[in-house]
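Note: hydrogens, waters and symmetry copies are ignored here, and every other heavy atom, side chains too, is used.
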Protein chains: 2
Amino acid sequence: MSKTIASRAEIEQADPIVTTPLETVGAIDFRFIELMFFAYRQFTADADAILASYGFGRAHHRILHFVNRSPGITIAELLDLLAITKQSLSRVLRQLIDEGFVAQVPGTEDRRQRRLYPTGKGRSLTLELSRQQARRIDAAIAGIGPEGPGVVAEFLRRMGGDERSALSWLDTKVLNQGSLP
Amino acid sequence: MSKTIASRAEIEQADPIVTTPLETVGAIDFRFIELMFFAYRQFTADADAILASYGFGRAHHRILHFVNRSPGITIAELLDLLAITKQSLSRVLRQLIDEGFVAQVPGTEDRRQRRLYPTGKGRSLTLELSRQQARRIDAAIAGIGPEGPGVVAEFLRRMGGDERSALSWLDTKVLNQGSLP
DNA sequence: GAAAATGCGTCAATAGTGCTGACCTATTCC
DNA sequence: GGAATAGGTCAGCACTATTGACGCATTTTC
């Protein structure tokens, strides 16, 4: 083993440290990356605090949200929206069902399906969670001009670009559904 | 044990399922909550793919980002920005150091400090990651009018409200720093 | 009507990121 | 010289996600 261990000086010579800050470039700042990071962190922090008091995490929130937005949603549809695996979903969903926040009802047309509905308890937790988040969004949007909501919504929609299909799926479901089979 | 187990029907009677979708309320949609979710997921997906090829995760990205934004940052400052514990940071930071993306240099004024600098390798990975994200932000902002960037930045800034101090800290650091001790 | 496909549940193992608590060194401050 | 500060590290736990492999019930297809 004649291989020598590189000294710190040698390493630095091979790849010297950089001391200049990574500055804003062009019209689109690196700043936006940080803004997204901090904004999303606060956005989720609101709900996280409440969830923790129920012994839940963010995953529970997401399931609860979409089940409330689209009662009667199937497992497969939920998996598509969340873009996680069946195994990841099941553990969390099971807790929500066992603790009575979500109920499963076999489909009538296709009895293999287990359609998901919020219970009263589930609906009210969702409302509690959403209220906090909506409040923050509301406060952030208020006062940035009348065009604010439209501009921001359009920005977010474009950011989620490849997933626009998920949003339009919700559009059709939220409006057309709601009657028990 | 005379306690009976509630039948499904009994449970449903106690807390009936809700079949009406959770619809948009007032000026601020529940829709915005989904928009934030989908937007952030795509925002991080860009970088995640690249990171995975290096065997890294999002935590590595965040450290790398702030070290690049503010070379010479101390551990304590980084902990404040990321809002995680020292133990969480150290595991990830260690990998970045061991693999030569970040270098530690003892402070000159206070030799207890371990100031963090990106190496050339670290700077270039950060640029690679940021380019993807900036591209998406750029595309999302382009075409929503000249006031777009300003409105969106202000919205995000307000969303991150309680953390504005973190952003202004960066402001001062990004501009004033950069000379090796 | 039998075979194949679909919708869902579940066991088992692993990774990434976060946490708490405890304890250690080196350095600076008073 | 003793306390406070900057940082490192060990050990254990929680949550969310992953992949792979089966199993069961129900539709669909030929």
Any salt bridge between A/Glu34 and B/Arg69, counting N to O under 4.0 Å? yes
Ignoring hydrogens and geometry, is there a side-chain-to-backbone donor-acceptor pair from A/Ser70 to A/Val67 under 3.5 Å? no
Would you tell me if any nitrogen or oxygen in the side chain of A/Ser90 comes within less than 4.0 Å of OP1 or OP2 on C/dT10? no
With no hydrogens and no angle check, is any side-chain donor or acceptor of B/Thr126 less than 3.5 Å from a backbone partner on B/Gly122? yes
Return no unless some side-chain N or O of A/Gln87 is found under 4.0 Å from OP1 or OP2 of C/dC8. no
I'd like to check B/Leu156 versus A/Phe38 (side-chain heavy atoms, cut-off strictly below 4.5 Å). Are they in contact? no
Can you check whether A/Ile75's main-chain N or O pairs, donor with acceptor, with A/Arg115's side chain at less than 3.5 Å? no
Starting at the 5' end of DNA chain D, which residue's closest nucleotide do you reach first, A/Lys86 or B/Lys86? B/Lys86
A/Gln113 CD to C/dT6 P, straight-line distance once rounded to whole Å: 14 Å
Taken to the nearest whole Å, CZ/A/Arg41 to P/C/dT17 is 16 Å
Nearest whole angstrom, please: distance from the C1' of C/dC11 to the CZ of A/Arg91. 11 Å
Taken to the nearest whole Å, CD1/A/Ile73 to C1'/C/dC8 is 15 Å
Aromatic ring pairing A/Phe101/A/Tyr54, orientation class (parallel under 30°, perpendicular over 60°, tilted between): perpendicular
Can you confirm whether or not the ring centre of B/Phe37 sits under 6.0 Å from the ring centre of A/Phe43? no
Atom pair distance, as rounded to whole Å: CD in B/Gln95 and P in C/dA15: 12 Å
Counting the atoms with a prime plus P, OP1 and OP2 as sugar-phosphate, which does B/Arg94 contact under 4.0 Å by heavy atoms, base, sugar-phosphate, or nothing? sugar-phosphate
Contact list (N/O, under 3.5 angstrom) for nucleotides 24-27 of chain C vs protein:
unit_1	atom_1	unit_2	atom_2	d
C/dT27	O2	B/Arg112	NH1	3.3

Could you tell me whether B/Arg157 and B/Glu154 make a salt bridge, using a distance below 4.0 angstrom between a side-chain N and a carboxylate O? yes
Of all nucleotides in DNA chain D with an atom under 4.0 Å from a non-hydrogen atom of chain A, which is the first and which the last going 5' to 3'? D/dT16 to D/dT27
Taking the side chain from B/Ser130 and the backbone from B/Leu127, do they hold a donor-acceptor pair closer than 3.5 Å? no
Answer whether the closest heavy-atom distance between the side chains of A/Arg114 and A/Val105 falls below 4.5 Å. no
In residues 47-65 of chain B, which residues come under 4.0 Å of DNA chain D by heavy atom? none
Distance check needed: C/dC8 P versus A/Asp80 CG, whole Å only. 11 Å
Looking at every strand, decide which applies to A/Glu109 at a 4.0 Å heavy-atom threshold: base, sugar-phosphate, or nothing. sugar-phosphate
B/Met159 backbone acceptor or donor facing A/Arg136 side chain under 3.5 Å: yes
